[in-house]
Amino acid sequence: MTSLHHHQPTPRKSTAADERPVDLVHLARQTMGNHDLEREVLHLFLTQSEKCMSRLGDSTYARRAEAAHTLLGSARGIGAHKVARAAEALERAALADPTAGNAEIEALRVEIETANRFIRSLVFAA
């Protein structure tokens, strides 16, 4: 089976500006280097993130906070740090002000779309 890691350039010191959508080193640590488990976890993230995002637009603030919290945990688990930060911002906004969250939802949507594109390029690579 093909490793998820062979498609990546040689690691270099990363900055926030060039951070990959998914930290593959973190993912490998989380899955103890099991490539099948990496693929399974990434597939689960794809499914969960898409379901959560489809529910966010029409949700109450409590459901927005709950969905954001779910995404936060999932994103941290796979090393999708930008998604995690955006989910955390949405969770805080939804808990602080029931009418807030639309800008945070959009920011989260952008980060999820970026991460999911990256994940698909890994798990569906020929």
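Predicted model only: the values in this text are computed from it and were never measured.
In this structure, Arg63 places its CZ atom where only 12 or fewer heavy-atom neighbours from other residues, nucleotides or ligands lie under 6.0 Å away.
Taking each heavy atom of Ile105 and Met53 in turn, the nearest pair found is O-CE, 3.8 Å. In this structure, Ala67 and Cys52 approach most closely via the heavy-atom pair O-SG, 4.2 Å. What you find for Ala28 and Glu38 is that their closest heavy atoms are CA-OE2, 3.4 Å. The shortest heavy-atom contact between Pro21 and Thr114 is CG-CG2, 3.8 Å. Taking every heavy atom of both residues into account, Ala75 and Ala84 meet most closely at CB-N, 3.6 Å.
Asn34 and Arg39 share no side-chain donor-acceptor pair at under 3.5 Å.
Placement of Met32 and Leu42 in two distinct hydrophobic clusters is found when ILVMFWY residues are connected by side-chain heavy-atom separations under 4.5 Å, directly or transitively. Linking ILVMFWY residues whenever their side-chain heavy atoms come closer than 4.5 Å, directly or via other members, places Leu37 and Val22 in the same cluster. The hydrophobic clustering, which links ILVMFWY residues whose side-chain heavy atoms are closer than 4.5 Å, places Val123 and Leu27 together.
Note: Leu108 CG to Lys82 NZ = 14.0 Å, rounded to the nearest 0.5 Å. Here CG of Asp97 is found 14.0 Å from CZ of Arg92. Values are rounded to the nearest 0.5 Å. Taking CG from Asn116 and OG from Ser49, the interatomic distance works out to 3.5 Å, rounded to the nearest 0.5 Å. Once rounded to the nearest 0.5 Å, the distance linking OG of Ser74 with CG of Leu46 reads 11.5 Å. Taking OG1 of Thr31 as the reference point, atom CG of Asp36 lies at 10.0 Å (rounded to 0.5 Å). Here CG of Leu72 is found 10.0 Å from CG of Leu90. Values are rounded to the nearest 0.5 Å.
Between Leu122 and Leu24, the closest side-chain pair of non-hydrogen atoms falls below 4.5 Å. Side-chain contact between Phe124 and His43: present, with at least one pair of heavy atoms (C-beta onward) separated by less than 4.5 Å. At least one side-chain heavy atom of Phe45 sits less than 4.5 Å from a side-chain heavy atom of Ile119.
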query = Taking it one step at a time, do Ile78 and Gln30 satisfy side-chain contact (heavy atoms from CB on, under 4.5 Å)?
reply = CA-CA 7 Å; Ile78 66 165; Gln30 293 294 99; over 6 Å; no
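Looking at Glu91, Glu88, Arg64 one by one, the single match for side chain to side chain donor-acceptor pair (under 3.5 Å) with His69 turns out to be Glu91.
A salt bridge does not link Glu50 to Arg55: none of the charged nitrogens lies less than 4.0 Å from a carboxylate oxygen. For the pair Arg109 and Glu106, the salt-bridge criterion is met [side-chain N within less than 4.0 Å of a carboxylate O].
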